There are 2 protein chains.
Amino acid sequence: MPDVNKTVLRLDRFLPYRLSVLANRISRSLADQYQAEFGISRPQWRVLAVLGETDNLSANDLVDRTAMDKVAVSRAVSGLVNKQLINQSDDKKDKRRSRLSLTPKGLQIYAAIVPAALSFQQNLLANLSAEDIHHLDAILEKLGN
Amino acid sequence: MPDVNKTVLRLDRFLPYRLSVLANRISRSLADQYQAEFGISRPQWRVLAVLGETDNLSANDLVDRTAMDKVAVSRAVSGLVNKQLINQSDDKKDKRRSRLSLTPKGLQIYAAIVPAALSFQQNLLANLSAEDIHHLDAILEKLGN
DNA sequence: TGTAAATAGTTTCATATGAAACTAATGTGT
DNA sequence: ACACATTAGTTTCATATGAAACTATTTACA
């Protein structure tokens, strides 16, 4: 990032801006795909993705694992329950919680989205060398503190 | 990005997700600052930043340079006009357009935000080596197609 | 020229989002 | 056991956002 120390700021060289534009472009393009094919919103996709990895989580676990606030999780969950892609069962030990898991239908959609998502990612990474990919991984890790 | 070829998808390793979470965290943190200090919204900041670089642009020029849609630009501009940070003068050649530029007050706020923004960016980059920064620049460029 | 298509920018309207308030249940200290 | 504080999750409400429709003007070209 040359130019960084100048007193002038070029927006198109400014890291927060560049990251934001790139991330939004990518996320939106991916979301358009699963939205069109499966009628799934972005928050709903995140919930599906996490429950596909690890079943039987509470809404709060999803908050931790999806980087969304509890309102967003609550809404995503209720949307997915409505679509019958996940189900809520009572937590015996804590009546405030419910345990969430994919229904067979949810699992089916999950199984259909994952390859599309991975191939989308492959497409992105196709522009990068193996070293680039490694660097990117490390840099994202560092920036994530 | 190891794990990329597996059929399973770990959300926290998925590039669109990682980028989105990181970019949003960063943008939000920065926005909290100029929001608190200057009462400026994110779209408004982008408009100020561009007009600070290059004066006398049309709203459409701003669309190109801020990666925002014309509705967002229109609203940001009218907000900034209300705050008297920018002014609109008629374009003689085309009555549909207006030429936008910073007012003295706008320039003053711009001059106050820029160092804060640059130091924010410095803070981010402080976690990275010089090579990292160079790599990041190149990778963002490649991902931006 | 006169008329259709294109462009600049605004407004409308429906949806997304998030902070704060709320409900219900659990945990804590006495 | 009994308040008081905390936590899980939902609802409310005010604001942000964006697609589509709209207005005004300019461009293209018959």
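No experiment lies behind these values; they were computed from the predicted model shown. Proteins come first, then strands; the chains are lettered A, B, ... in the order of their sequence lines, and each starts at number 1.
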Expected output: side-chain B:T103 to main-chain B:L85 donor-acceptor under 3.5 Å: yes
Presence of donor-acceptor pair under 3.5 Å, side chain of A:R96 and base of D:dT7: yes
Considering all heavy atoms, the nearest B:W45-A:L11 contact: NE1-CD1, 4.5 Å
Sugar-phosphate only, base, or nothing, as touched by A:S78 at under 4.0 Å among non-hydrogen atoms: nothing
Whole-Å distance separating the CG atom of A:D91 from the P atom of D:dT7: 17 Å
Rounded distance in Å - CE (B:M68) to C1' (D:dA19): 17 Å
Whole angstrom value for the distance that separates P of D:dA8 from CG of A:L62: 13 Å
Derivation and outcome, side-chain contact (heavy atoms from CB on, under 4.5 Å), residues A:L15 and B:L136: CA-CA 10 Å; A:L15 184 58; B:L136 176 56; 3.9 Å; yes
C:dA19 phosphate, OP1 or OP2, under 4.0 Å from B:R28 side-chain N/O: yes
A:N60 side-chain N/O to D:dG9 phosphate OP1/OP2 under 4.0 Å: yes
Nearest-Å distance for atom pair CG/P, residues A:L100 and D:dG9: 8 Å
Whole-Å distance separating the NZ atom of B:K92 from the C1' atom of D:dT25: 16 Å
Closest-nucleotide ordering on DNA chain D, the 5'-leading residue of A:R99 and B:K93: A:R99
A:K95 NZ to C:dA24 C1', straight-line distance once rounded to whole Å: 11 Å
Sugar-phosphate only, base, or nothing, as touched by B:S41 at under 4.0 Å among non-hydrogen atoms: nothing
Side-chain donor or acceptor of A:N82 paired with backbone N/O of A:S78 under 3.5 Å: yes
Donor-acceptor pair (no angle test) under 3.5 Å: B:R75 side chain, C:dG9 base: no
First of B:D94 and A:P43 reached from the 5' end of DNA chain C, by closest nucleotide: B:D94
Rounded distance (Å) that lies between atom C1' of C:dG9 and atom CD of B:Q88: 10 Å
Spacing of A:D69 atom CG relative to D:dT10 atom P, expressed in whole Å: 13 Å
Least distance between heavy atoms, A:L102 atom then A:G52 atom: CD1-CA, 3.7 Å
Phosphate-side-chain proximity, A:S74 and D:dG9, N/O vs OP1/OP2 below 4.0 Å: no
Touch class at under 4.0 angstrom, heavy-atom based, for A:S58 against every strand present: sugar-phosphate
Short side-chain N/O contact to D:dT15 OP1/OP2 from B:R42, under 4.0 Å: no
